[in-house]
Amino acid sequence: GSSRPEGSTRSDGFARSSDSSRSDHRQDRRRLHRALPTTPHVTAILQADQLWDIGITGKGIRVAVFDTGLAKDHSHFRNIKDRTNWTNEPTVDDGLGHGTFVAGIISSTSSQCPGFAPDADLYIFRVFTNQQVSYTSWFLDAFNYAIQKRIHVLNLSIGGPDFMDQPFVDKVWELTANNIVMVSAIGNDGPLYGTLNNPADQSDVIGVGGIDFSDSIARFSSRGMTTWELPGGYGRVKPDLVAYGSGLSGSSISGGCRSLSGTSVASPVVAGAVVLLASVGSPYFNPASVKQILMASAKRLSTANMFEQGAGKLDLLKAYDMLLSYQPQATMSPPYIDLTECPYMWPYCSQPLYHDAVPTIVNVTILNGMSLSGSITMKPRWEPYVSQHGDQLNVSICYSTTLYPWSGYIAVYLSAANPNWEGIAQGQIVFTVLAYGGRTSAMRLPIKARIIKTPPRSRRILWDQFHNLRYPPGYFPRDNLKVKSDPLDWH
């Protein structure tokens with residue numbers, strides 16, 4: 001069926017080295033992130049060879065690459081199982097180089113630019129034309145085919161700001177409900193906040209941001225919070241984690257290697273790692289458990305906040321160790337609330353609580369690794385640590401009674417109980433997650449906040465947190481109709 005044109009909104013999320021259709025200053029800014037030629041390959045930095053040495057190479061895992069296509073006889077690829085074209089152009093070959101590069105990061109067998117999982121089964125979905133145009137309807141058809149083919153891991157190095165494209169969002173939920181682990185690029189619209197791309201901003205999807213080889217957040221990497229909830233609520237923490245995305249070496253159309261930057265380069269780094277983990281053969285491998293393991297094993301960066309880095313930097317070997325001992329459970333992101341911790345909990349840590357202030361809201365994501373659907377059984381309960389002045393905090397809670405697919409939320413409203421007290425107040429919220437099948441997980445969310453005496457009126461700044469993020473109010477046309485590949489006016 002026909003659909004409204006969304007080539008604009010589902011724009012590809014990558015920085016092009018030579019054929020950029022973005023403005024020149026943006027392209028130049030990207031070039032500053034180029035890694036020096038001496039940088040070891042990303043598979044070596046993440047020590048994928050240690051897993052290869054014990055026979056973990058992605059064998060038997062079906063990985064889908066939704067992108068610009070791939071030539072069937074490209075010399076870098078051993079296992080191209082299927083190539084399908086969902087566009088209105090009569091080819092499955094890659095005319096841009098983006099799809100070839102992304103597939104290479106996941107599964108290239110080249111010694112110059114190796115991929116993470118050389119023995120994985122590659123399923124190539126061409127969903128973008130050479131003009132980088134796509135339609136929602138093409139994606140819906142291709143997603144259905146991925147479900148039919150029982151894909152294990154799906155990489156989507158693309159995205160757009162239009163989380164109000166309900167058919168698309170619903171179909172992504174259906175994919176993860178069918179046990180497909182979806183990895184997606186968080187977007188290249190940084191360093192502004194509130195610039196996340198869909199579907200990477202969905203709770204059931206692994207949203208990946210980009211860092212350079214010196215472990216700094218790449219300037220282009222989109223920042224949280226999620227903007228679905230605004231202005232009626234508060235956004236969630238995204239990205240989920242970050243991976244190398246600046247100056248990576250990967251497969252080119254010509255058969256050699258080339259260098260690219262962008263969060264769509266970081267996404268297949270994580271997807272490749274997930275394919276390796278999938279080939280370990282854990283019985284507990286699902287979209288939530290994979291995300292829990294990746295986030296719990298990630299290495300936190302000391303200079304970035306949670307809306308830039310999520311849980312931190314991908315650590316493949318630590319994730320492998322955690323997978324071996326993983327037991328099904330529910331977890332939270334972030335796993336605690338500490339309003340005194342800078343820079344990680346910025347902007348929360350920049351402002352203490354005081355009586356009469358607007359309540360501070362933290363939207364915590366619940367990941368349920370036990371089952372696709374679950375629920376919060378007893379009402380979440382606030383337990384102040386009396387010896388740590390927890391009674392000085394007023395806490396109210398709202399939450400999703402149903403956790404589906406694989407996830408839900410608990411939102412915490414914090415305010416000061418007393419106008420004349422100051423200090424650090426601590427406590428915890430406790431609740432239980434019940435999984436389909438009867439398994440339960442006891443949850444504990446520690447909370448710590450600094451409270452000050454109410455400042456005089458002249459020293460208070462009214463800050464309207466809901467109207468200081470740019471977000472699309474709905475599907476919107478572009479101002480400049482000549483620019484086809486970029487729907488945003490942020491650039």
Side-chain angles (χ1 to χ4, degrees), residues 7 10 12 14 16-19 41 43 57-135 138-158 175 180 182-183 185 248-260 264-265 267-269 271-272 274-276 278-279:
R10 299 273 152 220
D12 59 335
F14 63 94
R16 292 163 284 281
S17 47
S18 57
D19 56 347
H41 195 267
T43 53
T57 58
K59 193 168 181 59
I61 301 304
R62 295 182 288 278
V63 55
V65 179
F66 276 58
D67 220 292
T68 59
L70 177 67
K72 73 166 186 274
D73 51 1
H74 195 291
S75 61
H76 287 189
F77 300 97
R78 188 179 291 154
N79 287 335
I80 302 177
K81 292 290 184 208
D82 191 26
R83 296 185 318 140
T84 48
N85 175 33
W86 305 90
T87 72
N88 55 12
E89 292 178 337
T91 178
V92 193
D93 290 353
D94 182 6
L96 287 173
H98 189 253
T100 304
F101 190 96
V102 168
I105 295 284
I106 296 172
S107 199
S108 162
T109 58
S110 159
S111 56
Q112 269 72 49
C113 46
F116 282 85
D119 291 327
D121 294 341
L122 268 182
Y123 287 73
I124 301 300
F125 291 72
R126 188 172 189 267
V127 289
F128 269 93
T129 67
N130 288 334
Q131 282 68 49
Q132 294 148 41
V133 171
S134 187
Y135 290 79
W138 296 353
F139 272 98
L140 300 184
D141 290 343
F143 283 151
N144 281 332
Y145 187 68
I147 293 170
Q148 187 204 339
K149 285 288 179 186
R150 303 178 72 127
I151 295 297
H152 296 114
V153 182
L154 194 156
N155 184 79
L156 207 58
S157 282
I158 52 146
L175 278 175
I180 296 174
M182 191 177 222
V183 183
L248 264 63
S249 179
S251 303
S252 73
I253 300 183
S254 62
C257 300
R258 67 187 283 221
S259 175
L260 266 185
S264 61
V265 176
S267 179
V269 170
V274 169
V275 173
L276 284 180
S279 66

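Side chains are part of it too, since the values below use all heavy atoms of this structure and drop only hydrogens, waters and symmetry mates.
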Item to check | Donor-acceptor contact below 3.5 Å, side chain S108 vs main chain C113 | outcome: yes
Item to check | Between CG on residue L248 and SG on residue C257, distance to nearest 0.5 Å | outcome: 11.5 Å
Checklist entry - Just by modelled atom types, is the G104 backbone N or O under 3.5 Å from a matching donor or acceptor in the H76 side chain? => result no
Checklist entry - Do you see a donor-acceptor pair shorter than 3.5 Å between the side chains of H41 and S249? => result no
Item to check | Nearest non-hydrogen partners of L175 and M182, listed with the distance | outcome: CD1-CE, 3.7 Å
Item to check | Minimum-distance pair of heavy atoms, taken over all atoms of N155 and S267 | outcome: OD1-OG, 2.7 Å
Checklist entry - Do any N or O atoms from the side chain of S110 and from the backbone of P114 form a donor-acceptor pair under 3.5 angstrom? => result no
Item to check | Nearest-0.5 Å distance, CZ of residue F139 to OG of residue S134 | outcome: 4.0 Å
Checklist entry - Going by atom types only, do H98 and S157 share a side-chain donor-acceptor pair under 3.5 Å? => result no
Checklist outcome for this item: The reported gap from CG in D94 to OG1 in T68 (rounded to nearest 0.5 angstrom) is 3.5 Å
Item to check | Closest non-hydrogen atom pair between T129 and N88, with its separation | outcome: CG2-OD1, 3.7 Å
Checklist outcome for this item: When rounded to the nearest 0.5 Å, the distance separating CG of N79 from CD1 of I61 is 12.0 Å
Item to check | Distance-only donor-acceptor check, side chains Y145 and D82, under 3.5 Å | outcome: yes
Item to check | Full working for ring pair (Phe, Tyr, Trp, His ring centres under 6.0 Å) between F143 and F66 | outcome: CA-CA 9 Å; F143 283 151; F66 276 58; 5.1 Å; yes
Checklist entry - In Å and rounded to the nearest 0.5 Å, what is the CG to CD1 distance from L70 to I80? => result 4.5 Å
Item to check | R126/D67 salt bridge by N-O under 4.0 Å criterion | outcome: no
Next on the checklist: Between V65 and F125, is the side chain to side chain contact (heavy atoms under 4.5 Å, CB included) condition met? List the steps.
Outcome noted: CA-CA 6 Å; V65 179; F125 291 72; over 6 Å; no
Next on the checklist: For a quick test of reading the model, state the closest non-hydrogen atom pair linking A142 to V127 and the distance between them.
Outcome noted: CB-CG1, 4.0 Å
Item to check | Worked verdict on I158 versus F128 for side chain to side chain contact (heavy atoms under 4.5 Å, CB included) | outcome: CA-CA 10 Å; I158 52 146; F128 269 93; 3.4 Å; yes
Checklist entry - Would R258 and L260 satisfy side chain to side chain contact (heavy atoms under 4.5 Å, CB included), going step by step from the backbone distance to the final call? => result CA-CA 7 Å; R258 67 187 283 221; L260 266 185; 3.9 Å; yes
Checklist outcome for this item: For A103 and I124 the tightest heavy-atom approach is CB-CD1, 4.5 Å
Checklist entry - Do F77 and H74 make the cut of ring centroids closer than 6.0 angstrom? => result yes
Checklist entry - Quick one: NZ on K59 to CZ on R78, what's the gap to the nearest 0.5 Å? => result 9.0 Å
Item to check | Verdict with supporting geometry, L122 and V63, side chain to side chain contact (heavy atoms under 4.5 Å, CB included) | outcome: CA-CA 5 Å; L122 268 182; V63 55; 3.8 Å; yes
Checklist entry - Do you know the tightest heavy-atom contact between R83 and D93? => result NH1-OD1, 2.9 Å
Checklist entry - Looking only at atom types and distance, does a side-chain atom of S107 sit under 3.5 Å from a main-chain N or O of A117, one as donor and one as acceptor? => result yes
Checklist entry - Considering only heavy atoms from C-beta outward, does the side chain of V92 approach that of K72 to under 4.5 Å? => result no
